[in-house]
Protein chains: 2
Amino acid sequence: MRSGHAPRGVSADDLTTRARIRDAAVLRFGRDGFGTPLRAIATDAAVSAGLVIHHFGTKERLREACDEHVLDQIRHAKQDNLGEASGGRFLEYLATAEQFAPVFAYVLRSLQHGGPLAATFVDHMVRDAVDYLAEGVAAGVIVPSRDEPARARYLVLSSLGAGLLAMTVDPPRDPTDLAAMMRRHVDAITLPALELYTEGFLTTRRMLDEYLLYVSDPPPAGEHAP
Amino acid sequence: MRSGHAPRGVSADDLTTRARIRDAAVLRFGRDGFGTPLRAIATDAAVSAGLVIHHFGTKERLREACDEHVLDQIRHAKQDNLGEASGGRFLEYLATAEQFAPVFAYVLRSLQHGGPLAATFVDHMVRDAVDYLAEGVAAGVIVPSRDEPARARYLVLSSLGAGLLAMTVDPPRDPTDLAAMMRRHVDAITLPALELYTEGFLTTRRMLDEYLLYVSDPPPAGEHAP
DNA sequence: CGACGGACTGAACACGCGTATAGCGTCCTG
DNA sequence: CAGGACGCTATACGCGTGTTCAGTCCGTCG
C-alpha cells in the first residue's frame, strides 16, 4: 500500500486505511447490525482484526467514529440539496438516494438499536421540522398547531417510525436494496399520508374538543401537567 | 417442589416449571432483548440452564414458545375489553395497562428485532384497523379513503412505529416502568395526533391533487402499478 | 547509515455463550 | 416392590467473540 505512516490529524475525506476500515464498518453495521463480528469488518477492509483495534482501540470506539462520520455525511447531504428538497422531503431524499444508501442504512440501524446517534438524529429532524412547519404556517399553507414542538416531534416520530417498522417487519432479502424497499414503502404510504394531511380522517371535532376540555380541567390524578 | 411429573399436554394456564421458565423468558426477552443469556432466564425461573434446554430443546424454540404464548395473551386481552376500548384504542390499552406490561414489552422487542411475531402482530393490527375504519366510515364519523387497506396499514405503522421509536431513542431507566413511559408518550402525542386527525395540517388540496394526477398518468419509469 | 517509530500481521488468550452428557432423586406403573 | 421414566442439576465441551502481544516491515529522522 502507498500509505506510509498516516498524518496524525486525519481530516475528513482521506482514503487512509483508517478511513477504509471506518467505511467498511459503516457498511457492515448498517447491513448486519452492531452485533456484526469485528473480523467481518476487518475482512471487508482487507485488513487484520488486530489492526482495527490498533486504530480504534475498541469496537465501541469504532462505532463512535462511525456515528461521527455518518453525522458529518448527513450534514453534507443536507447542504447538498438545500432548498431542492427541503423540510419534509429531506428524509425521503436521504432514504431513497442511492448515493447515501450506506449512511441511511446505518441511521436506520441506529434508530433500531438506540444509542446516541439515534437521539441526535431525531433531535435534528425535529428541529428542522419545527422550522419547516413554522415557515409553512407563516406562508399560510400549513395550519397552526396548539403545540408546535409537540407536533413536530409527533410527525417526525411517526414518519421515521413507520419507515423503521416497515423495514424491520419485512426486511429486504438483499440488504443492498434497502433504498428500493424504501421507495416501495414511500409509494405505499404517500396516498394515505397526503389524504390524512389534507383532509384528516375524523368528520367531527368532538374528540378533539373533548380532549381540549379534558386537559384544561385538572385531571383527577394527573402525574404531570405542562 | 410439588410438581411431580407434569401432564403431557400442558394447556394454557398452568404453573408448571415449564410455564415458569416461559414466563421468565417473556419477561427477560422483553426487558433485555433476545440476546439475553439463557442462564439469566434460568436464574430468574430458579432453575438450571440445562433444564431450559431440556424443556425447549433450543433457545430459538424457547422464543417460539414465547411468541405463541404472547399471541395467546393478546387474544385474551382483546376479548377482555371487547367494546370497551375498541379499534384505535386497543393499542393504547395494551401499552398502558400494568397487567399486560410484560406482554407489551415483549411485543415491542419483537417489533424492534423483527421476526414472525412482529409480522403477525402488525397484520393483526392492520386487520382490526380495517374493520374499525370501515365501521367508522359506515357510521359517518370517519372520512372514506381512496385506498382503505393502505390507510389502515399506514395508520398502524405510524402509531406503532412512533411508540417503538420513542421507547428506543429514550429508553426507560427502570425497565419495569415501560408502561409509565408509554403513558408519557401517549400524553405527548395525543394533542398533535387529534389535531392532525380532525384538521389535517395542509391548508390546500394542491399536493394531494397533484399526486392523484401523477398516479393516474403512467409515471415515466414506473416499477409497479397496482 | 543506524535506529527509532508506527503501520500491520498472525497467533494466542480469556471469556461468555448455547448445548450435550452423565448422574441423582422421586414419583407412577406393572 | 422392582423398574423405568422423567424432572432436574452440575459439569464439561466447542465455538465465536473482543482484545492482547510479540514480531516484521518500511519510511523517516538524527
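A note on names: the letters A, B, ... follow the listed sequences, proteins ahead of strands, and every chain is numbered from 1.
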Side-chain donor/acceptor of R63(A) to backbone N/O of F34(A), under 3.5 Å: no
Protein-nucleotide distance (R63(A), atom CZ; dT17(D), atom P), rounded to Å: 18 Å
Nearest-angstrom distance from the residue atom CZ of F29(B) to C1' of dG18(C): 12 Å
Between P of dA22(C) and CD1 of I53(B), the distance in whole Å: 17 Å
Contact check, side chains of L51(B) and F56(B), non-hydrogen atoms, under 4.5 Å: no
Verdict with reasoning, R109(A) to D32(A), per salt bridge (charged side-chain N to carboxylate O under 4.0 Å, His left out): CA-CA 9 Å; R109(A) 280 278 178 227; D32(A) 306 342; 5.8 Å; no
Phosphate OP1/OP2 of dA7(C) contacted by T17(A) side-chain N/O (<4.0 Å): no
Any H54(A) side-chain N or O less than 4.0 Å from OP1/OP2 of dC8(C): no
Minimum-distance nucleotide to L51(A) side chain [options: dG7(D), dT19(D), dA7(C)]: dA7(C)
Verdict with supporting geometry, T176(A) and D174(A), side-chain hydrogen bond (donor to acceptor under 3.5 Å, both in side chains): CA-CA 5 Å; T176(A) 320; D174(A) 182 3; 2.9 Å; yes
Spacing between L38(B) atom CG and dC8(D) atom P, to the nearest angstrom: 16 Å
Pair E68(A) + R22(A): basic N to acidic O under 4.0 Å: no
Interatomic distance, K59(B) NZ vs dG16(D) C1' [rounded to whole Å]: 14 Å
Value in whole Å for how far the P atom of dC8(C) lies from CZ of R18(A): 12 Å
Separation of dT17(D) P from F34(A) CZ (nearest whole Å): 17 Å
Listed nucleotide nearest any side-chain atom of V47(B), set dT9(C), dT19(C), dT9(D): dT9(D)
Side-chain N or O of T58(B) closer than 4.0 Å to phosphate OP1/OP2 of dG18(C): no
Base of dG16(C) paired with side chain of R39(B) (donor-acceptor, under 3.5 Å): no
Between dG18(D) (P) and H55(A) (NE2): distance, integer Å: 18 Å
